[in-house]
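When a ligand or atom number is given, it counts from 1 through the structure's own listing order.
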Amino acid sequence: MTEKTFKTLDDFLGTHFIYTYDNGWEYEWYAKNDHTVDYRIHGGMVAGRWVKDQEANINLLTEGIYKVAWTEPTGTDVALDFVPNEKKLNGTIFFPKWVQDHPEITVKYQNDFIPLMEESREKYETYPKMVVPEFAHITYIGDAGQNNEDVISEAPYPELPDDIRNGKYFDENYHRINK
Ligand SMILES: C=Cc1ccc(O)cc1
């Protein structure tokens with residue numbers, strides 16, 4: 001767990017986070033570079049889903065406070081406000097109705113199923129959307145560096161967040177151990 005103080009946009013890019021929303025949903029998220037994010041979902045409605053190379057807007061709002069927003073192939077929209085120096089963030093997820101009705105369709109490595117996501121968002125209903133606005137507390141911060149493909153590189157498994165928090169997952173160069 002890095003104990004650095006966040007100030008600039010550059011301080012944020014390349015950072016790897018694990019956090020738990022107040023509704024109990026646990027997410028792992030990586031600011032891969034200034035326009036790309038990777039993530040893995042460990043708990044909640046779509047636990048088991050993981051995604052690499054999602055295009056996102058990432059901005060410094062003011063010193064140490066970051067806004068991230070993107071729209072997904074599923075039609076899900078996400079807006080995250082990180083306050084890493086206080087180990088917290090606020091996230092709002094806007095799920096199309098079909099993801100709430102059929103979450104299992106999205107629980108996979110999305111990169112291998114983009115056409116399925118695009119077909120499903122046309123086939124099923126969009127409205128009313130399910131809006132999930134929650135604060136989260138950050139349980140892990142790692143300095144992975146930008147464009148590190150080892151950060152999010154396999155499907156989630158139950159002990160993974162603890163393995164990372166306990167220092168059992170990455171070596172001193174932030175590469176995956178036992179790969
Ligand atoms: C739907 C994706 C998603 C990724 C990270 C997060 O904190 C909330 C939603």
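Ring planes of Y19 and Y21: perpendicular class, angle over 60° (limits at 30 and 60°).
Using a cut-off of 4.0 Å between Lys/Arg side-chain N and Asp/Glu carboxylate O, E26 and R165 are scored as salt-bridged. In summary, D143 and K4 engage in a salt bridge, as defined by a charged side-chain N under 4.0 Å from a carboxylate O. The residues R176 and D171 are annotated as not salt-bridged, no charged nitrogen and carboxylate oxygen being separated by less than 4.0 angstrom.
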Could you give the N/O to N/O pairs under 3.5 Å linking ligand 1 and the protein, each with its distance?
unit_1, atom_1, unit_2, atom_2, d
ligand 1, 7 (O), Y19, OH, 2.6
ligand 1, 7 (O), Y21, OH, 2.5

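Aromatic rings of Y140 and F17 (six-membered ring for Trp) have centroids beyond the 6.0 Å cut-off, not under it.
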I'd like to know whether T36 forms a side-chain hydrogen bond (donor to acceptor under 3.5 Å, both in side chains) with N33, so could you lay out the CA-CA distance, the side-chain angles of the two residues, the decisive distance to 0.1 Å, and finally the verdict.
CA-CA 5 Å; T36 313; N33 58 49; 2.8 Å; yes
